[in-house]
Amino acid sequence: MENIQNKVVIITGASSGIGEATAKLLAQNGAKVVLAARREERLHAVVNEIIQAGGDAVSVKADVVSAEEMQNLAKFTLNSYGRIDVLINNAGVMPTSKLHELRVEEWNQMIDVNIKGVLYGIAAVLPTMREQQSGHIISLSSTSGYQVSPTSAVYAATKFAVRAISEGLRQEESPTSHIRSTLIAPGLTNTELFNSVTSPEVQAMASQVKGIGISPYSIAKAITFAINQPDDTLVSEMMIRPTVL
Ligand code: NDP
């Protein structure tokens, strides 16, 4: 994993699930990882585990819906390590429901976290990466970034948006500033993501598919593969899903 060694990697949503697994796997492979999320105790526990295993990790409390907190996250990373090689825009929420239920607050939450959070992450690191003339921004979409199903209209809209943003970033930045942009699209993965569901109908559906999901380490391995490619090679999109779905 020679192209991961010593890279400075910011991971949003690193307090559980895919973000936590990715932080651990990248640290095992020699990256310096900066973990961000809102639940500080969870972040501290993951950082301690990484350090005890011989890795290099720090954490910062940062809410992705705050452009200011995302700027502070980037500043903290620069003060700690002097550069930013990779941003993983991983934080996300999925309180899905049918549109007629009118869960407007939850629509806003998905738009704020899943779309604006990704944009604020890009805004926080892009000037530094352009100055460095190198960098890699990895954003988490979903199989719902390619297909819509009943109850997923708003969540899918946010993940279609992430796909558009990631592709636009690739077209604008890679030819001139050599900044790589990668879209990761997981299918059903065993994490805490369904905890944000409040619609009884979706909760019932979620309990039916429980157990089919894949390990968050399967997604972490795909992210690790994308980062490890030589600088002239860009993995622009990867979909990783359960074999049985
Ligand atoms: P988890 O719920 O386990 O992790 C989500 C992470 O996002 C948590 O660490 C949470 O931390 C963080 N987060 C949520 N809201 C905010 C916020 N406002 N600011 C900062 N961090 C926030 O779920 P996953 O690991 O599954 O989710 C990771 C990504 O993968 C998401 O973008 C999700 O949409 C995507 N995905 C997941 C799939 C799955 O089946 N699990 C399938 C397809 C895509 P905290 O609460 O501490 O802030």
Side-chain angles (χ1 to χ4, degrees), residues 1-39 41-59 64 85-94 113-114 118 121 136-146 159 162 166 180 182-197 206-207 209-229 233-245:
M1 296 283 179
E2 60 196 32
N3 215 24
I4 290 182
Q5 192 75 31
N6 290 323
K7 275 196 171 161
V8 178
V9 184
I10 299 174
I11 306 164
T12 67
S15 57
S16 61
I18 293 168
E20 175 182 349
T22 304
K24 289 177 179 170
L25 191 60
L26 289 174
Q28 268 170 34
N29 285 287
K32 300 170 195 301
V33 286
V34 180
L35 285 74
R38 293 164 306 170
R39 289 171 296 173
E41 310 86 68
R42 293 282 293 260
L43 289 175
H44 292 156
V46 181
V47 165
N48 285 340
E49 223 181 294
I50 291 173
I51 291 171
Q52 270 166 24
D56 190 338
V58 290
S59 68
V64 297
D85 295 304
V86 184
L87 165 68
I88 305 176
N89 275 317
N90 167 72
V93 289
M94 194 191 64
V113 176
N114 300 357
V118 166
H136 194 168
I137 297 179
I138 297 174
S139 302
L140 271 285
S141 177
S142 166
T143 47
S144 298
Y146 298 79
K159 293 303 186 179
V162 173
S166 184
R180 300 190 289 182
T182 296
L183 188 82
I184 299 287
L188 190 64
T189 307
N190 286 328
T191 67
E192 299 174 14
L193 194 66
F194 278 98
N195 294 359
S196 58
V197 172
S207 64
V209 294
K210 224 176 180 178
I212 295 176
I214 53 176
S215 161
Y217 280 95
S218 297
I219 315 303
K221 282 181 201 160
I223 294 171
T224 302
F225 175 83
I227 297 174
N228 194 44
Q229 296 313 299
T233 304
L234 168 59
V235 177
S236 54
E237 236 171 270
M238 283 176 104
M239 190 180 281
I240 310 100
R241 62 205 304 171
T243 306
V244 295
L245 277 184

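This chain uses plain numbering: 1 for the first residue, then up along the sequence.
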(request) Go through the structure and list residues passing side-chain contact (heavy atoms from CB on, under 4.5 Å) with Asn3, not counting sequence neighbours. (result) Lys7, Arg180, Asn228, Asp231
(request) Scan for side chain to side chain donor-acceptor pair (under 3.5 Å) pairs involving residues 19-29, sequence neighbours excluded, and state none if there are none. (result) Glu20-Lys24, Lys24-Glu49
(request) To the nearest 0.5 Å, tell me how far Ile184 CD1 sits from Met239 CE. (result) 11.0 Å
(message) So, using side chain to side chain donor-acceptor pair (under 3.5 Å) as the criterion, who are the partners of Ser59 when residues are at least two apart?
(response) none
(request) Measure the spacing between CG of Leu26 and CE of Met1 and express it to the nearest 0.5 Å. (result) 9.0 Å
(request) Please list, chain by chain and in numerical order, all residues satisfying side chain to side chain donor-acceptor pair (under 3.5 Å) with Asp56, sequence neighbours excluded. (result) Tyr81
(message) How close do Pro186 and Leu140 get, counting heavy atoms only, and between which atoms?
(response) CG-CD1, 3.7 Å
(request) Keeping to residues at least two apart or across chains, list the side chain to side chain donor-acceptor pair (under 3.5 Å) pairs with something in residues 233-245. (result) Tyr146-Glu237
Can you list, pair by pair, the side-chain donor-acceptor contacts under 3.5 Å of residues 209-227, counting residues two or more places apart and other chains?
from	atom 1	to	atom 2	distance (Å)
Ser215	OG	Tyr217	N	3.0
Thr224	OG1	Ala220	O	2.7

(message) To check you understand the geometry: which heavy-atom pair defines the closest contact between Val47 and Ala57, and what is its length?
(response) CG1-O, 3.6 Å
(request) Would you please name every residue forming a side-chain contact (heavy atoms from CB on, under 4.5 Å) with Ala27, sequence neighbours left out? (result) Val33, Ile50
Below 3.5 Å, can you tabulate the donor-acceptor pairs from side chains in residues 10-19 to any protein atom, sequence neighbours excluded?
from	atom 1	to	atom 2	distance (Å)
Thr12	OG1	Ile88	O	3.4
Thr12	OG1	Asn90	N	2.9
Thr12	OG1	Ala91	N	3.0
Ser15	OG	Arg39	NH2	3.2
Ser16	OG	Arg39	NH2	3.2

(request) For residues Thr182 and Met238, determine if any side-chain heavy atom of one lies less than 4.5 Å from a side-chain heavy atom of the other. (result) no
(message) Just to verify, what does Ser139 make a side-chain contact (heavy atoms from CB on, under 4.5 Å) with, not counting sequence neighbours?
(response) Asn89, Val118, Ile137, Val162
(message) Let me confirm one number: the CE-OG distance from Met94 to Ser142, rounded to the nearest 0.5 Å.
(response) 8.0 Å
